[in-house]
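Worksheet: one structure, shown below.
Values reported hereafter were calculated over all heavy atoms of this structure, with side chains retained and with hydrogens, waters and symmetry mates removed. Just so we're clear, the structure is a prediction, and the values are computed from it rather than from any experiment.
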Amino acid sequence: MRIVVVGAGVIGATLTWELTERGHQVILVDRAKEVAHETSYANGGQLHAGHAAPWNSPGMLTDALRWLGRADSPLRIRPERLLGAPWWLMRFLANANKARHRSNARANATLALYSVQRLYDIIEHTGVECQLRRSSILKLFDDRASLQRGIAAAQAVKDLGIRYNVLDRAQTIAREPTLSTSNDSGKLVGSIEYPEDGCADALMFCQGIAKKAAQKGAELRLGNPVIRLRGDQRQGVAGVVTEHGLIDGDAVVVAAGSHCNQLVQPLGLRLPLEPIKGYSVTIPLGDASELAPNKPIIDDVRKIVLTRLGDRLRIAGKAEISGFDTRLNPDRCNSVREQGLARFPRLAERLGSIPGEHWSGLRPMTCKGTPLLGPTPIRGLHLATGAGHLGWTFAAGAAELVADQLEGKKSAIYTGPYKV
């Protein structure tokens, strides 16, 4: 089959390799001049099957109201966006009840567990270098009520095969000794450790796996924006029209993140997607390496993640519902950095004069918090989007599920929760 994949982010690049490996003729198209140079460029780096629940938890609205007006707020909603996307926000909140959130969390956890193992297999099979560490992840808590909620969430997906360990403060510091220097060490009540989780550099992986795909025959047409899909509702889709001409295909997979709606709406589809802006700061560690945490960390209090990628520290967080505003807000980046280093004052002092690389990207979030993977009602048109903050975690599993459905095969996991 000749398949056009639109979008060279982490899911699109992985899908290109998966389809090429299966013997298909694949053309990967992206407006950026390099692979993974938008949302997948500098994400949190964590592969966390144990932390895959959607953001719209039952207490999310209360938290959002509590954070209003705070400069360091984890969530920020522009008032004008409430008018611009009210239907998405209402459906997003409708999925924040306990029953729906539990169901969506289990769907995400199932895909995440399968996907992380699949990614490990791909890296071992291909030899792609991406600074992978199967290190486990620590989720930190500063009060017992939050820790108990975290344990309840972990227990709810334990039967899927996601293991976890509950650690007290002393055990947490034993796992990650750099926490002993923190001013917050007295506040820390414990953590949840996810032993199968890990971390890796998504950008390095995307570049490496796209190169592997190209060596096997895939075409990478970068710096080539897609203007529209070729086809209509009645006849189906048979390629794309780009700024550099027509690319025909037996099928098209739109993996263009938050921008998928712009391509599919002219064909009568409206996807429940909203761009959620996130930020990260990447800091070279230099001679401060011994002060930096070795284990990837999820700071539950600050809603920030810290991930060591070789000789760099990646700090990521924040969620802004502000439409397609891609501007990088220096204050928000500085807040991410300050909050990420708050538990590590000696490290913060040592890194004080090092600016780091600031980044922001738009994460495609569905109302349910589960991704959209597979065929649409329009013949020849498939989707691979809606992963939200879990694009890196979902990438390998999403690629395999979409490839299976293109070939009409039964997948290793049930694909119902991810239907378009």
Side-chain angles (χ1 to χ4, degrees), residues 1-9 11-12 15-16 19 26-31 38-39 54 56 81 84-92 94-95 104 107 111 224-243 246-276 321 323-324 362-388 390-391 394 398-399 401-408 411 415-420:
M1 221 181 338
R2 179 178 168 88
I3 303 168
V4 181
V5 177
V6 181
I11 292 180
L15 177 61
T16 297
L19 291 169
V26 186
I27 304 94
L28 177 62
V29 190
D30 197 283
R31 64 185 183 180
E38 293 194 32
T39 299
N56 52 346
R81 195 59 188 170
W87 72 278
W88 183 91
L89 285 168
M90 292 301 293
R91 291 175 65 185
F92 185 74
N95 279 283
N104 295 332
L111 177 58
N224 189 15
V226 173
I227 299 172
R228 62 179 175 85
L229 301 178
R230 181 192 180 203
D232 55 38
Q233 284 180 305
R234 185 173 59 85
Q235 295 183 347
V237 170
V240 299
V241 178
T242 76
E243 285 191 357
L246 170 68
I247 304 174
D248 64 340
D250 302 309
V252 174
V253 182
V254 178
S258 299
H259 300 279
C260 288
N261 261 322
Q262 297 170 17
L263 292 174
V264 304
Q265 279 183 344
L267 301 182
L269 289 181
R270 186 182 186 186
L271 307 179
L273 288 176
E274 178 70 12
I276 309 293
I321 302 178
F324 287 88
L362 301 178
R363 298 165 289 198
M365 183 74 72
T366 67
C367 303
K368 293 168 59 180
T370 52
L372 302 172
L373 307 172
T376 71
I378 299 173
R379 183 174 56 84
L381 177 60
H382 295 245
L383 293 177
T385 188
L390 295 165
F394 284 163
L401 264 59
V402 172
D404 287 342
Q405 292 175 90
L406 278 161
E407 294 181 336
S411 297
T415 60
Y418 325 113
K419 285 185 177 179
V420 179

Donor-acceptor contact below 3.5 Å, side chain [X] vs main chain [Y]:
X    : Y    : answer
Y418 : A107 : yes
D250 : M1   : no
R363 : I276 : yes
N261 : L271 : yes
T39  : L362 : yes

message: For V254 and V226: C-alpha separation, side-chain torsions, deciding distance, then whether side chain to side chain contact (heavy atoms under 4.5 Å, CB included) applies.
response: CA-CA 10 Å; V254 178; V226 173; over 6 Å; no
Looking at [atom1] of [X] and [atom2] of [Y], how far apart are the two atoms once the value is rounded to the nearest 0.5 Å?
X    : Y    : atom1 : atom2 : result
R270 : W88  : CZ    : CH2   : 12.5 Å
E407 : Q405 : CD    : CD    : 11.0 Å
M90  : C367 : CE    : SG    : 11.0 Å
T366 : N104 : OG1   : CG    : 7.5 Å
I247 : I27  : CD1   : CD1   : 7.0 Å

Measuring only between side-chain heavy atoms, which start at C-beta, is [X] closer than 4.5 Å to [Y]?
X    : Y    : answer
L273 : C260 : yes
P266 : R228 : no
V26  : V5   : yes

query: side chain to side chain contact (heavy atoms under 4.5 Å, CB included) between L89 and I321: does it pass, once the steps are laid out?
result: CA-CA 10 Å; L89 285 168; I321 302 178; 3.9 Å; yes
Identify the two heavy atoms, one from [X] and one from [Y], that lie closest to each other, and give their separation to 0.1 Å.
X    : Y    : result
G369 : P54  : CA-CB, 3.9 Å
F92  : M365 : CE1-CG, 4.2 Å
D404 : S411 : OD2-OG, 3.1 Å
L28  : G12  : CD1-O, 4.1 Å
V402 : A384 : CG2-CB, 4.1 Å
L246 : V240 : CD1-O, 3.4 Å

Atom pairs and distances, side-chain donor-acceptor, residues 372-382, under 3.5 Å, sequence neighbours left out:
unit_1 : atom_1 : unit_2 : atom_2 : d
T376   : OG1    : I378   : N      : 3.1
T376   : OG1    : I378   : O      : 3.2
T376   : OG1    : L381   : O      : 2.9
R379   : NH2    : Q235   : O      : 2.1

- request: Evaluate side chain to side chain contact (heavy atoms under 4.5 Å, CB included) for V264 paired with L383, printing each intermediate quantity in order.
  value: CA-CA 10 Å; V264 304; L383 293 177; 4.3 Å; yes
field: ring-ring contact (aromatic ring centres under 6.0 Å, His included) partners of residues 254-276, not counting sequence neighbours, each pair once
entry: H259-F324
query: Are R31 and E243 close enough for a salt bridge, meaning some N to O gap below 4.0 Å?
result: no
field: salt_bridge(D248, R2) N-O dist < 4.0 Å
entry: yes
